[in-house]
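Numbers restart at 1 for each chain; the letters A, B, ... are given by sequence-line order, proteins then strands.
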2 protein chains.
Amino acid sequence: MSVTLRDVAELAGVSAATASRALDPTGSASSATRERVADAARRLGYVGNTAARSLRTCRSDTIGLLVPDVRNPFFTDLAYAVDKAASAAGLTVMIGNADEDGAAQDRYLAALERHRIDGLLVVPQGGATPGLRRIVETFPTVAIDRDAGLGVPVVASDSEAGMHALVDHAVALGHRRFAIVAGPQSTSTGRVRLDAARERLAHHDIRLSDGDVIEGDFRLESGLAAARRLLDHDPVPDLVVAADALMALGVLAVIRERGLRPGVDVGLAAFDDNPWFHVLDTPVTVVAQDTTVLARRALDALLRRIAGEDVDVAPIPTTLVVRRSLGETTTVKENAHE
Amino acid sequence: MSVTLRDVAELAGVSAATASRALDPTGSASSATRERVADAARRLGYVGNTAARSLRTCRSDTIGLLVPDVRNPFFTDLAYAVDKAASAAGLTVMIGNADEDGAAQDRYLAALERHRIDGLLVVPQGGATPGLRRIVETFPTVAIDRDAGLGVPVVASDSEAGMHALVDHAVALGHRRFAIVAGPQSTSTGRVRLDAARERLAHHDIRLSDGDVIEGDFRLESGLAAARRLLDHDPVPDLVVAADALMALGVLAVIRERGLRPGVDVGLAAFDDNPWFHVLDTPVTVVAQDTTVLARRALDALLRRIAGEDVDVAPIPTTLVVRRSLGETTTVKENAHE
DNA sequence: CTGAAAGCGCTTACAG
DNA sequence: CTGAAAGCGCTTACAG
């Protein structure tokens with residue numbers, strides 16, 4: 001139907017094989033041929049057919065990216081960054097949204113498999129589904145953000161150092177009564193952030209009792225629900241730390257709903273930054289992750305896995321972005337070296 | 001390398017052709033054969049190869065979706081909805097981010113062409129780039145949200161009715177001095193929303209002078225910049241209407257930056273809803289678009305175009321979501337019928 | 001209902 | 001540097 005390499009070859013007066021080589025920068029062809037073929041291709045509006053090419057080469061130049069919830073700004077950003085990095089490397093990315101649903105995740109994974117992706121970047125949902133286990137055995141895979149014990153390299157922020165820095169900062173400001181809206185304990189990020197907070201608080205001789213921690217699911221509504229319970233405490237906590245931006249937004253709403261002043265009557269801090277956080281009525285102090293670096297490192301690691309190399313990725317430093325929700329004045333503190 | 005249809009056929013004791021038909025629900029095969037083949041496929045872990053299939057059938061079962069800015073929540077939502085609708089129809093979608101950059105858009109479009117997508121859904125950037133014009137001639141295409149005069153069906157919200165409802169609502173509340181942060185006038189949505197506001201205001205005997213309208217680019221920063229100029233006016237406007245959610249967020253920040261109370265000293269309203277709008281300190285009154293319906297209609301239209309049918313899509317009704325940024329109490333008003 | 005055969009559009013050893 | 005040939009994994013008329 002459309003223009004094929006044969007058409008180009010004919011117009012250029014060479015064989016299809018030669019046309020193929022001439023179009024390939026690394027193929028051997030005289031510069032005269034190269035020019036004639038390029039010319040013919042241009043005149044005919046030739047566009048290579050990836051299906052034919054990948055059937056022949058067993059490479060699709062396509063990678064998959066599976067995230068739990070594309071509408072969570074952190075993952076939107078991550079997907080954006082991955083797409084950018086991959087495009088720069090000449091790779092196409094197929095983005096899939098697990099959507100908090102194991103079956104949906106597996107359906108999507110099956111599609112990736114049919115497309116014979118060269119490799120997979122995945123932010124695993126809590127437990128690994130059968131489909132995920134299967135694909136991990138079949139394709140080079142790198143996990144981003146979360147470690148689900150899949151036995152693949154994991155590219156993630158140094159959540160521990162980030163949380164330590166945040167706790168230190170809050171304690172230095174005089175906060176003592178901490179309340180935490182944790183992430184799902186079925187995810188490594190949910191666990192690590194909570195454990196790191198506990199640990200660092202203990203270091204400051206602060207103990208968290210059971211009622212001080214409520215587990216959310218990284219979404220807005222769960223932040224709302226958790227905050228309502230946390231702010232029922234008497235006395236009210238000095239501050240609430242949320243394990244992600246969306247839950248923090250929920251906490252902020254509840255603080256106001258109670259007639260309390262955020263940053264004055266109750267502090268708020270969160271993991272993950274958000275383009276809108278600095279324009280909120282109370283700019284939120286956060287531990288920011290660098291999605292660009294996360295994406296680049298992950299893609300690097302995946303490319304190396306595809307090439308059969310072993311990879312080992314160091315945790316990626318976070319940044320403590322001090323704003324005003326803990327009652328401070330604005331500055332940015334790097335905590336790369338913890 | 002991986003399991004092929006031949007392997008399945010051998011194990012099942014039939015020819016590859018029969019195996020192919022047995023696996024195809026519409027292919028003719030005895031139920032005994034069907035079972036044996038399905039069994040063999042299961043045991044071998046057979047997964048079809050889309051490259052081979054689409055090379056043969058000239059269908060990729062893949063569509064492209066090109067948006068101007070994936071990180072704008074409206075487009076994130078739209079992409080999510082399109083992906084969901086497409087998955088349900090057994091289609092894979094390749095999402096591309098033009099990223100406010102014509103060259104990036106064309107690079108992405110070229111990739112889609114190499115993949116021989118079955119059709120394209122596009123939210124066109126201002127002017128049509130060469131790559132876009134080309135692809136529109138080559139593949140069935142449907143525009144979503146914006147009309148760039150490409151000569152393809154356009155699936156969009158009824159911005160005009162939505163803006164009329166919003167203006168009527170604001171006027172009924174007593175607002176008279178309007179200021180507008182418009183969308184880029186190079187986009188149809190930017191133009192239609194502004195024209196509709198002007199028109200409806202005139203109907204209420206309100207005229208906008210030049211300084212009352214500032215053109216933004218649908219992003220946060222432009223809302224910030226526009227609001228700073230708009231709020232320099234003396235007297236300050238009764239309200240600011242923003243052409244999208246991100247710019248509205250910027251306006252809200254500036255209102256507070258000036259020490260004014262949103263919804264009390266200055267009203268705010270916007271086009272597009274946003275999951276976070278209802279938890280802001282001042283819940284914003286908006287004209288909400290239904291991205292799910294938009295996506296479904298667009299996919300429907302595209303499928304019909306692919307089938308060679310003519311399509312004609314009616315504008316999709318918006319919803320006026322009354323919150324408190326104009327000084328009201330909360331209710332939702334449908335304005336399906338203007 | 002089933003099989004043999006052809007062919008989709010490429011790339012790549014193999015010769016020359 | 002170039003060409004002829006084979007083949008990647010499917011699907012689908014064509015016979016039977």
Side-chain angles (χ1 to χ4, degrees), chain A residues 1-38 40-41 44-62 90 92 110-111 113-118 138, chain B residues 1-38 40-41 44-62 90 92 110-111 113-118 138:
Chain A
M1 46 167 273
S2 49
V3 180
T4 71
L5 189 60
R6 277 187 69 87
D7 300 327
V8 173
E10 250 162 54
L11 181 59
V14 296
S15 71
T18 298
S20 176
R21 287 187 208 102
L23 254 20
D24 174 3
T26 73
S28 54
S30 73
S31 53
T33 304
R34 222 176 262 287
E35 232 169 83
R36 283 222 315 289
V37 172
L44 260 24
Y46 172 71
V47 175
N49 181 325
T50 51
R53 160 183 265 260
S54 70
L55 185 55
R56 196 38 247 242
T57 61
C58 290
R59 280 183 310 104
S60 60
D61 292 322
T62 299
T92 295
E113 199 169 350
R114 280 193 298 274
H115 280 274
R116 297 295 191 272
I117 50 167
D118 292 336
T138 316
Chain B
M1 45 169 271
S2 51
V3 180
T4 71
L5 189 61
R6 276 188 70 85
D7 300 327
V8 174
E10 252 164 52
L11 180 60
V14 295
S15 70
T18 300
S20 175
R21 286 186 208 104
L23 255 19
D24 173 4
T26 72
S28 54
S30 72
S31 53
T33 303
R34 222 175 261 285
E35 232 169 83
R36 285 223 313 290
V37 172
L44 260 24
Y46 171 72
V47 175
N49 181 324
T50 50
R53 160 184 264 260
S54 69
L55 184 56
R56 197 38 246 246
T57 60
C58 291
R59 280 182 310 104
S60 61
D61 292 323
T62 298
T92 295
E113 197 169 351
R114 280 193 297 275
H115 280 275
R116 299 293 191 272
I117 50 167
D118 292 336
T138 317

Between the protein and nucleotides 13-16 of chain D, list every N/O to N/O distance that falls short of 3.5 Å.
residue : atom : partner : partner atom : Å
D:dA13  : N6   : B:Arg21 : NH2          : 2.9

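With sequence neighbours left out, the salt bridge (charged side-chain N to carboxylate O under 4.0 Å, His left out) criterion links A:Glu10 to A:Arg6. In this structure, the side-chain contact (heavy atoms from CB on, under 4.5 Å) partners of A:Asp24, at least two apart in sequence or on a different chain, are A:Thr26. Residues that satisfy the side-chain hydrogen bond (donor to acceptor under 3.5 Å, both in side chains) test with A:Thr33, not counting sequence neighbours, are A:Ser30. Listed by chain and number, the residues in a side-chain hydrogen bond (donor to acceptor under 3.5 Å, both in side chains) with B:Ser31 amount to none (sequence neighbours excluded). Shown here are the side-chain contact (heavy atoms from CB on, under 4.5 Å) partners of B:Leu5, two or more places apart in sequence or in another chain: B:Ala19, B:Ser20, B:Leu23, B:Tyr46. Shown here are the side-chain hydrogen bond (donor to acceptor under 3.5 Å, both in side chains) partners of B:Ser60, two or more places apart in sequence or in another chain: B:Asp118. With sequence neighbours excluded, no residue satisfies side-chain hydrogen bond (donor to acceptor under 3.5 Å, both in side chains) with B:Thr57.
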Checklist entry - Starting at the 5' end of DNA chain D, what dot-bracket string do you get if Watson-Crick and G-U pairs under 3.5 Å are bracketed, crossing pairs use [ ], other-strand pairs use | and unpaired bases use dots? => result |||.||||||||.|||

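Dashed line: the shortest gap from a side-chain N or O of A:Thr18 to OP1 or OP2 of D:dT2 is not under 4.0 Å. Contact check, B:Ser30 against C:dC1: no side-chain N or O comes under 4.0 Å of OP1 or OP2. The side chain of A:Thr4 contributes no N or O atom lying less than 4.0 Å from OP1 or OP2 of C:dC8. Put simply, A:Thr33 has a side-chain N or O that comes within less than 4.0 Å of OP1 or OP2 on D:dT2. A close approach under 4.0 Å does not occur between any side-chain nitrogen or oxygen of A:Ser15 and OP1 or OP2 of D:dA4.
Toward the 5' end of DNA chain D, the nearer of the two residues B:Ala51 and B:Asp24, judged by each one's closest nucleotide, is B:Ala51.
Nucleotides D:dT12 and D:dG16 have their C1' atoms positioned 16 Å apart, rounded to a whole Å.
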